[in-house]
Amino acid sequence: MNLRTFARISIWASMLGVSFVGCSGSNAEPDESNEPGTRTQAALTEETPFTNPLRIPPVMARSSTAGAAAATLAAYNLTIKTGTAQMRTGNPTPIVGFDGIFPGPTLVVERGETTTVTQTNAWTENVTIHNHGHKVAAESDGHPVDYITPGSSKVYTYPNDQPAGTFWYHDHTMDLTGAHVYNGLAGFYIIHDAAEDALNLPSGNYDIPLLLQDKQFNADNTLTYTSQVGGFLGNTPVVNGVANAVHNVANRKYRLRLLNGSDVRLWNLQLRAGTTPQTFQVISSDGGLLQAPVSTTSLSIAPGERYDIVVDFAPHAVGTSLSLFNTDATAPAISTLMQFTVDRTETDTSAVPSALASIRRYTEAESTGSANITLAFANGNWQLNGLTYDPARIDITSPSNAVRIWTLTNNSGAMHPFHKHLVEFNVLDINGQPPPAHENGLKDTIQVPGRGTVRIIFKNEGFTGTYVFHCHRLGHEDHRMMLQESVTP
Ligand code: C2O
Ligand code: CU
C-alpha cells in the first residue's frame with residue numbers, strides 16, 4: 001500500500017468515522033485464530049427483543065422501456081451518494097448508498113432483456129460497480145480500477161442472458177471494496193425467467209431478499225470499520241440494514257433469498273422454533289435453481305454466496321416466533337440474526353416442485369486445459385499463486401469457448417470463498433468428494449476449506465477481456481487476494 005492510497009483512505013475514513021489498520025507485516029496467519037492484535041473487535045452487544053420491522057429494499061422503477069422486441073431495453077439510473085439508514089433505535093446511521101439508501105434499490109429484470117444502469121458518482125471517492133454473478137462485457141464488469149470518479153457517470157450494460165437467480169451489485173474498488181460495501185454500496189439484482197415462473201414458487205410478497213451482515217455501531221449509531229488483513233468482524237447482526245429485525249409472516253411458504261454480504265463472516269444458518277432447528281428447502285445456489293430442492297436443517301453461507309430457501313411456516317401456530325440462527329462460533333459470536341413471527345393464517349397455492357431445473361454441467365472429459373491456483377498466507381498478506389493483486393499484470397490466460405478445470409489448493413488454515421467473474425461454474429469435487437447437492441448447481445463463489453482442495457469446471461463464453469478472480473472475504477480481497485484472467489478469443 002502506498003502512502004497516497006493510505007492518505008486517501010484516511011481522509012475518506014475520517015468522514016465516515018472509519019479507522020484503518022494496515023497489515024501488520026506479521027507472518028502469523030490472521031484467520032480463525034483471532035489472536036489479539038490481528039483484528040480489532042468488540043464484545044458482543046446483541047440486543048433483544050427483535051422488534052425492529054425488517055426493511056425490504058424498494059424495487060427500482062425503470063426509467064424507460066422500449067417496445068416489445070425480443071431484447072427489450074430497460075434503463076435504470078442510480079446515484080451514489082451519502083445518506084442515512086435507520087439501522088436500529090436512536091440516531092439514523094450515516095451510509096453511502098445507491099440513491100443514498102441502504103440496501104440499494106432492488107433491480108428486477110427478465111432473462112434476455114438488456115438493461116443499462118447509469119451510475120452517477122455524487123460521492124467523494126472513486127467507485128466501480130460490479131454485478132456479482134453476471135455474464136457481462138469486461139467494460140461493464142466493474143474492474144477494480146475502472147473508476148467512476150467523483151462527479152462523473154458510467155453506463156453499464158447487462159445482457160441478463162443467464163438463468164433466473166439472485167444476484168447482487170456492489171462496489172469493487174481496489175483496496176476499498178470492504179469499506180464501501182460495509183458502508184452501504186450493495187443491492188440485490190434479481191433475474192426472472194419463464195421456466196422459473198412456471199414452477200409456481202412463492203412469489204410477490206412471499207419472495208423476500210435478505211442481505212445478511214455484521215456491523216459494529218458506535219454509541220451514536222455511526223458505524224466502525226477497520227480494513228485489516230484478517231477482515232472485519234462486527235458484533236451486531238443486521239438484515240437488510242436492520243438490527244434486531246422481525247418480519248411478520250403468514251402461515252404459508254416463503255422464498256427467502258439469502259445473500260451473505262459480510263466482510264469476512266461465515267454464517268451457519270438454522271431456522272429455529274425455540275431451540276429446535278426446522279427443516280427448510282434450498283432451491284437455488286449462486287447462479288440459479290438447483291436440479292431439485294434440498295431439504296436440510298442447516299446451511300453454511302460465506303461472503304459473496306447466495307442461496308434461496310423455501311421456508312414453510314404452515315406448521316406453526318399464529319403467535320409463534322422463529323429465529324434465523326447462526327451456529328458458527330467465530331468471535332464475537334452472533335446467534336440470532338432476525339426473527340419471523342407468524343401473525344396470520346392465509347391459504348397457500350404456491351408449490352416447490354420436486355424437479356426445479358436442468359443444470360448445465362460440464363464434464364472432465366470436455367476439458368481442454370487446466371490451471372492450479374494456490375491460496376496462502378505469506379509475508380503478512382494473502383496470496384494467490386504466491387502473488388498479490390496487480391491490476392497491470394495478467395495472471396492467467398484462457399481462451400473463450402473452451403472448458404477449463406481450475407484446481408484451488410488452500411495452503412492456509414482459513415476458509416476462503418473463491419469467486420470467479422464472467423461465468424458460473426460447476427464444482428467437480430471438494431477434498432476429492434463430489435459436492436453436496438446444494439453446491440452441485442451453478443456457482444460463482446465456492447468455499448475452499450482450510451488446507452482443502454476444490455476443483456471447479458467452467459467455460460468462459462460471451463465476452464473476452466480482463467476479468468478478476470479473488471477471495472470474497474472482503475478484507476482478504478482488499479489485501480490483494482485477487483488475480484486477473486485474460487479471456488481471449
Ligand atoms: Cu462480489 Cu469480484 O465480487
Ligand atoms: Cu480469503
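Whatever order the structure lists them in is the order used to number ligands and atoms, beginning at 1. Values in this document were obtained by computation on a predicted structure and should not be read as measured data.
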*State which residues pass side chain to side chain contact (heavy atoms under 4.5 Å, CB included) with P293; sequence neighbours excluded, sorted by chain then number.*
Q281, I283, V352, L356

*What orientation do F377 and W382 show, parallel under 30°, tilted 30 to 60°, or perpendicular over 60°?*
perpendicular

*Face-on cation placement of R404 at W406 ring, 6.0 Å and 45° thresholds*: no

*asked:* I'd like to check the side chain to side chain contact (heavy atoms under 4.5 Å, CB included) partners of D146; sequence neighbours left out, ordered by chain and number.
replied: T128, H143, K154

_Parallel, tilted or perpendicular: rings of W168 and H472 (30°, 60°)_ = tilted

*Which N, O or S atoms belonging to the protein are less than 2.8 Å from atom 2 (Cu) of ligand 1?*
H172 NE2, H421 NE2, H470 NE2

_Parallel, tilted or perpendicular: which one describes the rings of H172 and H170, with boundaries at 30° and 60°?_
parallel

*Under 2.8 Å from the Cu ion (ligand 2), which protein N, O or S atoms are there? Could you list them by chain and number?*
H416 ND1, C471 SG, H476 ND1

*Indicate yes or no for a side-chain donor-acceptor contact from R306 to the backbone of S284 under 3.5 Å, with no hydrogens or angles considered.*
no

*On the 0 to 90° scale, with breaks at 30° and 60°, tag the H134-Y189 ring pair as parallel, tilted or perpendicular.*
perpendicular

_Gap separating the CZ atom of F167 from the OH atom of Y158, nearest 0.5 angstrom_ = 13.0 Å

